[in-house]
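Keep in mind it's a predicted model, so treat the numbers as computed, not measured. Both ligands and their constituent atoms are indexed starting at 1 by order of listing.
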Amino acid sequence: MAKYDPKSLVAEEFINDEEIRETLKYAEEHKRDLPLIESILEKARPQKTAHGCTCAGLTHREASVLLACDLPEITERIYEIAEEIKLAFYGNRIVIFAPLYLSNYCVNSCVYCPYHIKNKHIPRKKLTQEEVRQEVIALQDLGHKRLAIESGEDPVNNPIEYILECIKTIYSVHHKNGDIRRVNVNIAATTVENYRKLKEAGIGTYILFQETYHKESYERLHPAGPKHNYAYHTEAMDRAMEGGIDDVGLGVLFGLELYKYEFAGLIMHAEHLEAVHGVGPHTISVPRVKRADDIDPDVFDNGIDDETFAKITACIRLAVPYTGMIISTRETEQVRSKLLRLGVSQVSGGSRTSVGGYAGYTPEERPHDTEQFDVSDQRSLDEVVKWLMESGHIPSFCTACYREGRTGDRFMSLCKTGQILNCCHPNALMTLAEYLVDYASPETAAVGFRMIEEELAKIPNEKVRGIAAQNIEDIKNSNRRDFRF
Ligand code: SAM
């Protein structure tokens, strides 16, 4: 039987079933052990240092105890600490992005995804480079600067060369004052060599959802195709890091397996990356299974309610305080509102989950034929931006970090010393100003410029405050764009 070793490169050793089961047993036994729970909460809380703040994070066992605890007053404390951590390291900024579906050709058979190979009635579509250009122009016209590209797995229709060509096209489009400054990539597990090519193409984060950490369920849910191989999929992030990509994004598709099992596996995966590569995941996504073409989410037994979902999110925040957390438009406005306070740092907005879903459609129209799943939050980007500001969040279109070489452990150490606040806050305000001037409705612009005035005053360093204010004036009065610290 495989033995638990976070430093191993073998999937079943760093995501070890026996260790997860023992963790769940330990969590169950200690879920009302108040002295232990108090000590875990104390460990999770941000501590002040001479340079800012630091946070110890939690081990998968500690975090699992909090997740198992069913005392409402402890849940409230977890939520308070999650918000404290979020404000300490990410401030009130929320980074905005949109997905761009390139192709729904797929040779896999994931039972929760309508792109599975046996689905013969869904139209198959792959964007040409001209269509990619049109999609990017439409996305730039909405105000987006950061994309996550999505594609099915199909070595014939969507080989790595196709993905690389699309990335090149995306970065080449400069429509009016727009450009896409960061392309994150969500494609199937691949080879070190291909990860190296993606790195060379200038991608931001490589995102790959584990779907489930439970090996048997994984194999049952992916009955055929290359994705069936649990070890190849689970070890993908190690190959990505070997290929030079140091910002990787993890995720579980909640609803497929028991959430406590998934949660322990997810935190163990983060611990593994830290142990082997010296840097944890850049982001963690928390998608839930949604209705889609021939997919009924109710056939999966492990669906979770909104309260449990919120608690999972908050416990992730406590366990990995420096990792960004992403919530997509799979979730409703209400759920997103709640999660924003519990540690989420990135949201998508105005999203289309179909291939070619942006160009040629008004904000009210949405094509469903090639859609991957139903979008619950169907508001326009302008509405999402206004909603964020009205709830006290600064929508940020910033992409500065990776363009300034602040990736991997350099990003993490900036985050850990609280230094990120010295550049992220003004960067958020400057990119928000670009959005307001170039794309916002008059109402959103009015709310935004009031917010910028108030937030500029909060920049402690006088010199930085002055430069940021001057740059924002330049954005208002000229076509100069893309200022960054
Ligand atoms: N094909 C790539 C792969 O195999 O990893 C990734 C791209 S896929 C377009 C992105 C993610 O969408 C999947 O990893 C899965 O978690 C999620 N997804 C698939 N079907 C879904 C559904 N019905 N509801 C919600 N999310 C879904």
Side-chain angles (χ1 to χ4, degrees), residues 97-117 119 122 124-127 147-155 157-160 162-163 166 184-190 194-195 198 205-213 217-218 221-230 232-237 239-240 248-257 262 266 283-300 302-304 309 326-332 335 348 351-355 357 368 370-377:
F97 75 98
L100 171 58
Y101 281 73
L102 300 177
S103 168
N104 67 353
Y105 282 94
C106 194
V107 297
N108 283 315
S109 51
C110 317
V111 302
Y112 47 81
C113 179
Y115 293 169
H116 65 89
I117 192 167
N119 189 347
I122 194 171
R124 299 290 167 171
K125 196 168 168 189
K126 165 186 170 182
L127 297 180
L147 301 182
I149 55 171
E150 312 274 341
S151 168
E153 177 168 14
D154 185 330
N157 288 295
N158 325 321
I160 193 72
Y162 170 71
I163 304 290
C166 291
N184 296 334
V185 175
N186 184 4
I187 61 164
T190 185
N194 286 347
Y195 286 125
L198 288 169
T205 312
Y206 171 64
I207 301 164
L208 181 69
F209 299 160
Q210 177 64 29
E211 320 300 7
T212 174
Y213 283 98
S217 301
Y218 181 95
L221 292 160
H222 307 95
K227 196 164 168 179
H228 177 72
N229 187 334
Y230 175 83
Y232 190 72
H233 190 81
T234 311
E235 293 159 9
M237 293 314 191
R239 291 195 301 280
V248 298
L250 306 181
V252 157
L253 187 54
F254 283 101
L256 301 179
E257 241 305 331
E262 303 292 25
L266 183 63
T283 55
I284 289 182
S285 301
V286 285
R288 284 194 282 191
V289 183
K290 296 282 304 175
R291 189 166 299 285
D293 182 66
D294 65 346
I295 306 298
D296 173 4
D298 298 334
V299 306
F300 302 101
N302 298 304
I304 46 173
F309 189 50
I326 303 180
I327 186 95
S328 76
T329 55
R330 288 178 182 86
E331 299 298 334
T332 60
V335 171
S348 44
S351 303
R352 298 294 159 86
T353 62
S354 39
V355 182
H368 293 291
T370 61
E371 212 169 37
Q372 196 192 17
F373 51 81
D374 286 356
V375 168
S376 294
D377 186 344

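In terms of protein heavy-atom proximity, atom 24 (N) of ligand 1 is nearest to K290 N, 2.9 Å. Nearest protein neighbour of atom 3 (C) of ligand 1, counting heavy atoms only, is K227 NZ, 3.6 Å. Scanning the protein for heavy atoms near atom 13 (C) of ligand 1, the closest one is E211 OE2, 3.4 Å. Among all non-hydrogen protein atoms, the one lying nearest atom 8 (S) of ligand 1 is Q372 NE2, 3.4 Å. Ranking protein heavy atoms by distance to atom 26 (N) of ligand 1, first place goes to R330 NE, 3.0 Å. In this structure, atom 1 (N) of ligand 1 lies nearest to the protein heavy atom S151 O, 3.0 Å. Protein heavy atom closest to atom 5 (O) of ligand 1, with residue, atom name and distance, is L208 CD1, 3.3 Å.
Using a 4.5 Å cut-off on side-chain heavy atoms (C-beta onward), I160 and I187 make contact. A heavy-atom distance below 4.5 Å is not found between the side chains of Y101 and E371. Contact annotation: the side chain of Y218 approaches that of Q210 to within less than 4.5 Å [non-hydrogen atoms, C-beta and beyond].
With a 4.0 Å cut-off on non-hydrogen atoms, F209 touches ligand 1 through its side chain and not its backbone. At a heavy-atom distance under 4.0 Å, no atom of N108 approaches ligand 1. Under 4.0 Å from ligand 1, heavy atoms of C113 appear from its side chain as well as its backbone. With a 4.0 Å cut-off on non-hydrogen atoms, R288 touches ligand 1 through its backbone and not its side chain. Of all the heavy atoms of L253, the ones lying under 4.0 Å from any atom of ligand 1 belong exclusively to the side chain.
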Start with the C-alpha gap between R124 and N119, add the side-chain angles, then the distance that decides, and say whether side chain to side chain contact (heavy atoms under 4.5 Å, CB included) holds. CA-CA 10 Å; R124 299 290 167 171; N119 189 347; 3.9 Å; yes

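With ligand atoms numbered from 1 in the order given, ligand 1 contributes 24 (N), 25 (C) to contacts under 4.0 Å with heavy atoms of V289.
At a 3.5 angstrom cut-off on N or O pairs, Y112 counts as close to ligand 1. For ligand 1, none of its N or O atoms has an N or O atom of N186 under 3.5 Å away.
Considering every non-hydrogen atom in both S351 and P99, the closest pair reads OG-CD, 3.2 Å.
Applying the side-chain hydrogen bond (donor to acceptor under 3.5 Å, both in side chains) test to N184 and every residue at least two apart in sequence or in another chain returns R182. Taking the side-chain hydrogen bond (donor to acceptor under 3.5 Å, both in side chains) definition, one finds that S348 meets it with nothing, sequence neighbours left out.
Of the N and O atoms on the side chains of E150 and N186, at least one donor lies less than 3.5 Å from an acceptor on the other residue.
For the pair R288 and F373, the NZ or CZ position fails the cation-pi test of under 6.0 Å to the six-membered ring centre and within 45 degrees of the ring normal.
The aromatic ring centres of H233 and Y213 sit 6.0 Å or more apart.
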